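The following block contains the structure, expressed as structure tokens.
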Number of protein chains: 2
Amino acid sequence: MEPRKPVRERLLDAADALLFVEGAFATPVDTILKAAGASPPSLYSHFGNKEGLIAAALHRRYEVWKQVWDDEIAAAPDDAGRVLALWNALRTYQSERMTERWCAFTGTAAAFPDPAPELREILDLETALLRDRLLETATPIAGERAEALASALMVTYAGTMALMLREPYEKAIDEGRAGAASLCAAFA
Amino acid sequence: MEPRKPVRERLLDAADALLFVEGAFATPVDTILKAAGASPPSLYSHFGNKEGLIAAALHRRYEVWKQVWDDEIAAAPDDAGRVLALWNALRTYQSERMTERWCAFTGTAAAFPDPAPELREILDLETALLRDRLLETATPIAGERAEALASALMVTYAGTMALMLREPYEKAIDEGRAGAASLCAAFA
DNA sequence: GTCTATACGAGGATAGAC
DNA sequence: GTCTATCCTCGTATAGAC
């Protein structure tokens, strides 16, 4: 056994592994504490409250997710590939860590109609990342119509995630990717 | 004052008006009871439990929603119009009753990872309705590629709803409709 | 910094009277 | 069939010791 991680990290690990499977509401703090081998005061002293823990877990996810997406963009062979990299990244990301049911960010937004400021911040950050990157990758393809393409891709990405609630996630990713490819072709 | 509706209906009205605004989890039974002017035993004798009430409320929504969509399809001028009728229906439906934050069905699916059978049933019913109708309306446009178009439209519909969690719903509907229109053009 | 133990409130559901 | 009153569980958060 290696030396134990500090409690803060253990809590984040457990939160990340549990919160987005059944959903933030359906996962009691108690379950996270047990998985982390931690006690209530550790959680509340480090993160303030449950929403604080969720926000911190989402921050970690955000960084990992951005990196995975970056790598896929860098590996893409052409302009359309750099758009579709988002769906490749989904495949990679999900196959590596798939326990979650669907998008951790959208799921959190759905669970908290009136999120704490720190929670809203990370949710908005991810939305902005999506919008910005999609516009960037859409521009070489669609030129002046890049904003329209980026919008349609944003809808397609959100739909890919939401479809995971209605059917197996591999199918959702495949359907989303195919839709995005059609859009790229239409705007080329 | 007109004579009061039976309790069962009052409960359904209240549930429908409240459950899908803040979400099924965030709306306590208590709130629904107060709004309905009803007592706990009325709810539990009529619907069994909270999930039963939600399932019943969704059933009513399903019927209304199907009708609104039907009417928009009937009023559409051409093949592409019959596809886009779905987004027109969203506008109509939402502008008439918009208190809810986003899709009542997807939101319920997200809130209950392991729904009671009656709940799963109505959720699956709506998914099937979407798939069937989209394939029907896609066929005159895309012919043999109708399934691919229908899939992409399904993603676009799911994304339209999910985007409502990240931005104002009118914008989400507009972006979704534009995406659907691009897809129709691409498959024509 | 981290733990044990506990307070506090909320939410879902029921017993029993009318 | 419907109500009043209540129970009981669960979930978040804190007090105080180590």
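Letters go in sequence order (proteins before strands), and every chain restarts at 1. Model, not experiment: these values are computed from the prediction.
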*Do A/Y169 and A/W102 have ring centroids that are under 6.0 Å from one another?*
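Between A/Y169 and A/W102, which both carry aromatic rings, the centre distance is not below 6.0 Å.
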*In whole Å, what is the span from the CG atom of B/L43 to the P atom of C/dA13?*
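From B/L43 CG to C/dA13 P: 9 Å.
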*asked:* Categorize A/P41 for me: base, sugar-phosphate, or nothing, with a 4.0 angstrom heavy-atom threshold over every strand shown.
replied: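 Answer is base: heavy atoms of A/P41 come under 4.0 Å of a base.
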*For A/K50 and D/dG11, what is the distance between atoms NZ and P respectively, to the nearest whole Å?*
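So the two atoms are 8 Å apart, to the nearest Å.
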*Separation of A/Y44 atom OH from C/dC3 atom C1', in whole Å?*
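It works out to 15 Å between those atoms.
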*Give a yes/no on whether any side-chain N or O of B/H46 is located under 4.0 angstrom from OP1 or OP2 of D/dG1.*
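Looking at the OP1 and OP2 atoms of D/dG1, neither is under 4.0 Å from any side-chain N or O of B/H46.
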*Protein-nucleotide distance (A/L33, atom CG; D/dT14, atom P), rounded to Å*: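 To the nearest whole Å, that distance equals 14 Å.
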*Reckon B/G48 touches a base, only the sugar-phosphate, or nothing at all at heavy-atom distances under 4.0 Å?*
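Counting heavy atoms under 4.0 Å across all strands, no contact is made by B/G48.
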*Just how far, in rounded Å, is C1' of D/dA13 from CD1 of A/I32?*
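These atoms are roughly 14 Å apart.
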_B/E175 versus A/S151, side-chain donor and acceptor atoms under 3.5 Å_ =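 Judged by distance alone, the side chains do pair up.
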*Looking for any heavy atom pair under 4.0 Å, which part of the strands does B/S39 touch: base, sugar-phosphate only, or nothing?*
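It contacts base atoms.
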_Basic-acidic side-chain contact under 4.0 Å: B/E126, A/R166_ =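 Counted as a salt bridge, because a side-chain N and a carboxylate O are separated by less than 4.0 Å.
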*In whole angstroms, how far is the P atom of D/dT12 from the CG atom of A/L53?*
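Going from A/L53 (CG) to D/dT12 (P), I get 11 Å.
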_Min side-chain heavy-atom separation B/P40-B/V29 under 4.5 Å_ =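 B/P40 does not reach B/V29 side chain to side chain.
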*Of the candidate nucleotides D/dA13, C/dA13, C/dG12, which contains the atom at the shortest distance from the side chain of B/V29?*
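Nearest nucleotide to the side chain: C/dG12.
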*Out of D/dT12, C/dT4, C/dG11, which has the shortest distance to the side chain of B/P28?*
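So the side chain of B/P28 is nearest to C/dG11.
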*The side chain of B/R10 lies closest to which of these nucleotides: D/dC3, C/dT14, C/dT2?*
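So the nucleotide nearest the side chain must be D/dC3.
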_C/dC3, OP1 or OP2 - any side-chain N/O from A/S42 closer than 4.0 Å?_
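A/S42 to C/dC3 OP1/OP2: side-chain N or O found under 4.0 Å.
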_Does the plane of the ring in B/Y62 sit parallel, tilted or perpendicular to the ring in B/F105? Use 30° and 60° as the thresholds._
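Ring orientation, 0 to 90° scale: perpendicular.
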*Rounded to the Å, how far apart are B/L19 CG and C/dG11 P?*
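Between P of C/dG11 and CG of B/L19: 13 Å.
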_Rounding to an integer number of Å, can you tell me how far B/D30 CG sits from D/dT6 P?_
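So the CG-P distance, B/D30 to D/dT6, works out to 16 Å.
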